[in-house]
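Comments concern the structure below.
Keep in mind it's a predicted model, so treat the numbers as computed, not measured.
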Amino acid sequence: MKEIPTVYDLANGDVQTAVFVKRGLERALRFHTSDEWSTDSRSLEEFARLIDGEILLDSHKSDGEFVVLDLPRSVLLVDLSERSATTPSVFVQVHAGSRQAARLELARVKELIPLADEPASDEISVGFWYRSNRGAQKVMRRLSALTWREGARNYPTVTRRLLQPLMVDLAAVLSGGRLILWHGPPGTGKTSALRTLARESGKEILLEYVLDPDSFFGDDTGYFVSVLFNDNDEVGKGKTRLLVLEDCDDLLVADAKNQGGQGLARLLNLVDGLVGEGLRIGVLITTNDPLGWLHPAVSRPGRCGAAIPFGAFDKDDANNWLAGEGVEAQNRDKTSLAELFAIRDGRELPGPRAPIGFVTSPATKEPSGDSKP
């Protein structure tokens with residue numbers, strides 16, 4: 001068989017791929033398949049023993065391990081990734097002599113390295129996307145979350161009423177527009193509401209958090225495409241993926257096209273254009289800016305399924321919340337959720353901060369025609 005020259009970046013950890021491909025070429029195994037899933041397995045030692053093949057390469061790293069195996073009908077590359085506080089994930093590649101053999105070997109690996117168990121009743125599974133020098137990467141985590149029944153009281157009356165439809169039937173809300181906007185100042189409970197939404201909708205959606213929204217909507221189209229068209233994880237198969245991007249103020253403001261180039265256009269194409277056509281993806285974006293500051297195209301009906309304000313509690317709502325915690329009433333006109341927890345825990349509330357540098361208005365009114373200098 002003619003030798004095929006192939007270059008691998010061994011410095012970036014591609015030695016396992018080089019060994020895997022080399023043995024596959026030597027044996028003329030022309031069929032390839034691969035898959036990735038979350039697992040509770042923490043080691044490949046038992047797997048390598050049970051599958052009973054020749055170990056070509058075996059490596060243990062601080063964040064996981066991999067093994068390349070030569071089997072009677074195939075060559076396997078199994079990469080187990082485990083980072084602190086995340087659910088382990090396994091990526092498997094198979095070279096075999098036929099499609100059927102490749103599929104059978106992959107099925108056998110899945111029996112020996114099974115899919116992770118469903119989260120406990122008070123937990124949610126969340127995928128976290130980030131861009132690395134090897135492209136788009138995702139890690140899975142299990143996080144605790146309140147039910148809506150437990151957490152509803154943490155929101156003022158108006159916010160609670162608008163959140164209710166999402167907690168009851170998120171799919172119905174997304175059918176009216178695949179973009180959901182949550183806007184309001186920090187400390188008003190947006191992140192906590194995300195956890196509760198994921199728990200209430202856990203059978204229908206998989207929450208996927210994009211850690212670097214600037215890169216996601218930036219110049220690297222490959223990162224954007226890799227995230228959108230990645231549905232390999234068994235945990236999320238059959239579910240609607242809800243991409244979450246927090247604090248995207250610059251992307252959504254009225255002059256976003258001047259500030260961020262194609263970012264806004266790419267977002268709109270995802271939720272209401274050819275890019276998102278046929279994908280079971282919704283997008284939930286949080287921003288600290290008021291809705292009136294955002295680009296009008298973002299909140300257009302049919303594109304935006306819900307735009308929900310997160311604000312402070314008025315005096316009555318705040319004192320009702322404190323009474324439920326066994327704390328005496330306070331004489332405050334407006335109190336954020338973070339401040340309520342601070343009062344409950346006996347912590348000192350921060351005072352108003354003096355502005356640093358120049359203070360500018362977010363919007364300047366044009367003078368009327370009859371104004372005088």
Side-chain angles (χ1 to χ4, degrees), residues 12-21 23-24 32-96 101-130 132 134-145 198 202-203 206-209 211 226 230-239 241:
N12 281 332
D14 283 343
V15 61
Q16 67 269 32
T17 305
V19 172
F20 170 69
V21 172
R23 181 53 61 94
H32 174 270
T33 189
S34 65
D35 204 351
E36 183 177 10
W37 61 92
S38 297
T39 180
D40 290 325
S41 298
R42 302 280 173 176
S43 171
L44 295 177
E45 183 176 352
E46 180 69 5
F47 163 76
R49 184 184 68 81
L50 292 174
I51 206 163
D52 192 24
E54 179 189 354
I55 296 177
L56 302 178
L57 188 65
D58 187 8
S59 175
H60 295 255
K61 305 171 288 183
S62 60
D63 57 353
E65 56 186 284
F66 65 79
V67 62
V68 182
L69 293 157
D70 194 6
L71 305 178
R73 297 186 301 172
S74 66
V75 179
L76 290 181
L77 168 57
V78 183
D79 193 334
L80 179 69
S81 177
E82 180 183 5
R83 296 173 177 84
S84 177
T86 67
T87 303
S89 64
V90 61
F91 178 59
V92 178
Q93 297 190 70
V94 182
H95 277 316
R103 290 169 181 168
L104 288 174
E105 292 288 41
L106 183 59
R108 186 156 69 116
V109 175
K110 288 185 176 182
E111 289 180 358
L112 297 174
I113 309 177
L115 178 69
D117 293 335
E118 287 292 321
S121 59
D122 61 344
E123 292 182 330
I124 56 173
S125 285
V126 182
F128 290 86
W129 284 102
Y130 65 96
S132 74
R134 302 186 71 181
Q137 301 291 320
K138 183 173 70 169
V139 296
M140 298 296 298
R141 294 192 63 194
R142 291 182 180 177
L143 305 174
S144 61
K203 293 182 179 180
L206 176 65
L207 199 70
E208 298 187 6
Y209 191 105
L211 293 169
S226 294
N230 183 294
D231 57 356
N232 288 335
D233 199 307
E234 293 282 352
V235 173
K237 284 189 175 178
K239 297 182 179 181
R241 300 166 61 202

How many angstroms lie between [atom1] in [X] and [atom2] in [Y], if you round to the nearest 0.5 Å?
X: H60; Y: F66; atom1: NE2; atom2: CZ; result: 9.5 Å
X: L76; Y: F47; atom1: CG; atom2: CZ; result: 5.5 Å
X: S74; Y: L106; atom1: OG; atom2: CG; result: 10.0 Å
X: I124; Y: R141; atom1: CD1; atom2: CZ; result: 10.0 Å
X: D117; Y: T39; atom1: CG; atom2: OG1; result: 9.0 Å
X: L44; Y: I113; atom1: CG; atom2: CD1; result: 5.5 Å

- Message: Ring-plane angle category for Y209 and F128, please: parallel below 30°, perpendicular beyond 60°, tilted otherwise.
- Response: tilted

- Can you spot which of L115, D35, V78 makes a side chain to side chain contact (heavy atoms under 4.5 Å, CB included) with V90? V78

- Query: Under the side-chain contact (heavy atoms from CB on, under 4.5 Å) criterion, do E36 and S89 qualify, and how do the steps go?
  - Reply: CA-CA 7 Å; E36 183 177 10; S89 64; 4.2 Å; yes

In the structure I gave you, are the side-chain heavy atoms of [X] and [Y] within less than 4.5 Å of one another anywhere?
X: S125; Y: M140; value: yes
X: L77; Y: V92; value: no
X: L56; Y: R23; value: yes
X: K61; Y: D79; value: yes
X: L69; Y: F20; value: no
X: H95; Y: E105; value: no
X: L71; Y: I51; value: yes

For [X] against [Y], the heavy-atom pair lying closest together:
X: L207; Y: A198; result: CD2-CB, 3.9 Å
X: P114; Y: S41; result: CD-OG, 4.2 Å
X: S34; Y: Q93; result: CB-CG, 4.0 Å

- Message: Holding to side-chain contact (heavy atoms from CB on, under 4.5 Å), I want the full list of residues that pass it with E45, two or more places apart in sequence or in another chain.
- Response: S43

- Message: Looking at T87, is its backbone amide N or carbonyl O close enough to the side chain of S38 to form a donor-acceptor pair, meaning the two atoms are under 3.5 Å apart?
- Response: no

- Query: Counting only N and O atoms by type, is there a donor-acceptor contact under 3.5 Å from the side chain of W37 to the main-chain atoms of F91?
  - Reply: no

- Item | Residues E123 and S144: side-chain donor-acceptor under 3.5 angstrom | no

- Query: Distance only, no hydrogens: is a donor on one side chain within 3.5 Å (strictly under) of an acceptor on the other, for Q137 and W129?
  - Reply: no

- Query: Who pairs with R73 by side-chain hydrogen bond (donor to acceptor under 3.5 Å, both in side chains), at least two apart in sequence or on another chain?
  - Reply: none

- Query: Ion pair present between E111 and R108, side-chain N to carboxylate O less than 4.0 angstrom?
  - Reply: no

- Inspect the contact between D40 and R142 and indicate whether a charged nitrogen and a carboxylate oxygen are less than 4.0 angstrom apart. yes

- Give the intermediate values and the outcome of side-chain contact (heavy atoms from CB on, under 4.5 Å) for residues V67 and L57. CA-CA 6 Å; V67 62; L57 188 65; over 6 Å; no

